[in-house]
Protein chains: 2
Amino acid sequence: MAEDTETCPWSELDADGSSLVVHDFLTKRLSTLMSTLRREVTLPYARSADLSIAEWRLLSLAAHSGSLPFGELVTQSTSDKAQVSRTARLLEQRGLVELRPETEASRKKLVCVVTEAGMRVYDEIIRNARRAQAQTLLILSRDERETLFRALEKLQSALGD
Amino acid sequence: MAEDTETCPWSELDADGSSLVVHDFLTKRLSTLMSTLRREVTLPYARSADLSIAEWRLLSLAAHSGSLPFGELVTQSTSDKAQVSRTARLLEQRGLVELRPETEASRKKLVCVVTEAGMRVYDEIIRNARRAQAQTLLILSRDERETLFRALEKLQSALGD
DNA sequence: CTGATTTTGTTGCATCGTCAACAAAGTGAG
DNA sequence: CTCACTTTGTTGACGATGCAACAAAATCAG
């Protein structure tokens, strides 16, 4: 084993897995990268529309399909329902989304509908964000990009989504 | 363009980057995975030693080399110096690390030295964590693992470390 | 050595995220 | 219909996190 420990220590693992040498854990690496991305990419874009990161995440989730049930918002966001509730209400106060009953008969179950104003904000940011991300991803080869996303996907579903 | 949009929409980007179709942004994917990993992997292990995630991160950083200057702790952790300061003091109160002046002459610059007790806690957790991570990584092919880590590394340094 | 400048760690504060308790609404067996 | 049970969104409380002001110490030019 370990023919290329220098350059790829993480590849050094066997079926048992106990010989993994990685001090540089996947979790650490991901968390470092995430924190950099938040600071350098997401935060600036969110701030350009005077949104917090949580607000931006919610708006973009809902805006992608125009509207989303409250429950879906909770499921798809990383946050819990408390955070989603408060953030959604903030977005509502600013006229970017509307929270209304799912059906006429019901009064409790809510849908989050993005307003015209919300859509404008979303479109504006998402365009820049797309370009910035694409620019960043260009430092990876096409194969690396594909493998990266596929690997992340696999890990996600292996961990029980 | 878009020969394989179905399976790999993210690979669809050109030099300008404007044609990137990714709704599924890298940031979103990473943040989802991170949050799952924290919940399913890191948190349980940290809790098994009654540590918060921040405490575990600090302890593992210092324990890897036995001791680490305070400044290095700040640099290598994702957190800022305030957080590091408070967390380190907590670890000190619990006898897992010792914070002492870097040299005899100095009184301010600190080194974080992991105690015997701290090392025992670290060793216990790290062993399990390694095994768990290795187990998870087994769902990726060797090539995918290598590419994944290399890609993450590249992105990190491209974003100005 | 001395005074000015920079580093370094601490503290206060505002924000964010999570947990748990709660109330209102929906659901279903009888 | 009705009573018990579940689901859903809100609220309060607390810990974690990040920012910025601050004081003590280190550094350095002269």
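Below, chains carry the letters A, B, ... as their sequence lines are ordered, and counting in each starts from 1.
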Integer-rounded Å distance: [N] [atom2] and [X] [atom1]:
X      : N      : atom1 : atom2 : value
B/R107 : D/dA26 : CZ    : C1'   : 11 Å
A/L58  : C/dG17 : CG    : P     : 11 Å
A/L110 : C/dG26 : CG    : P     : 11 Å
A/L68  : D/dG9  : CG    : P     : 12 Å
A/W56  : C/dG17 : CH2   : P     : 16 Å
A/E102 : D/dT7  : CD    : P     : 16 Å

Sequence neighbours excluded, every pair satisfying side-chain hydrogen bond (donor to acceptor under 3.5 Å, both in side chains) that has a member inside residues 65-74 of chain B
B/E72-B/Q76

Look at the side chain of B/K109 and decide which nucleotide, out of D/dA25, C/dT8, C/dT10, has an atom nearest to it.
C/dT8

Listed by chain and number, what are the side chain to side chain contact (heavy atoms under 4.5 Å, CB included) partners of [X], not counting sequence neighbours?
X      : answer
B/S48  : B/I125
A/P101 : A/S106
B/S52  : B/A54, B/E55

Under a 4.0 Å heavy-atom criterion, the protein footprint on nucleotides 12-23 of chain D, written with B, S and -, is BB--SBBBB--B

For [X], enumerate each residue passing the side chain to side chain donor-acceptor pair (under 3.5 Å) test, keeping only those at least two apart in sequence or located in another chain.
X     : value
A/E40 : none
A/R89 : A/E92
A/R86 : none

On the nucleotide D/dG9, are OP1 or OP2 found under 4.0 Å from the side-chain N or O atoms that A/S85 carries?
no

Axis deviation across the helix from C/dC1-D/dG30 to C/dG30-D/dC1, five-pair ends, to the nearest 10°:
30°

For A/R38, does the CZ atom sit with more than 12 other heavy atoms under 6.0 Å from it, leaving out its own atoms?
no

Just checking, any donor-acceptor pair under 3.5 angstrom between side chains of A/Q156 and B/T36?
yes

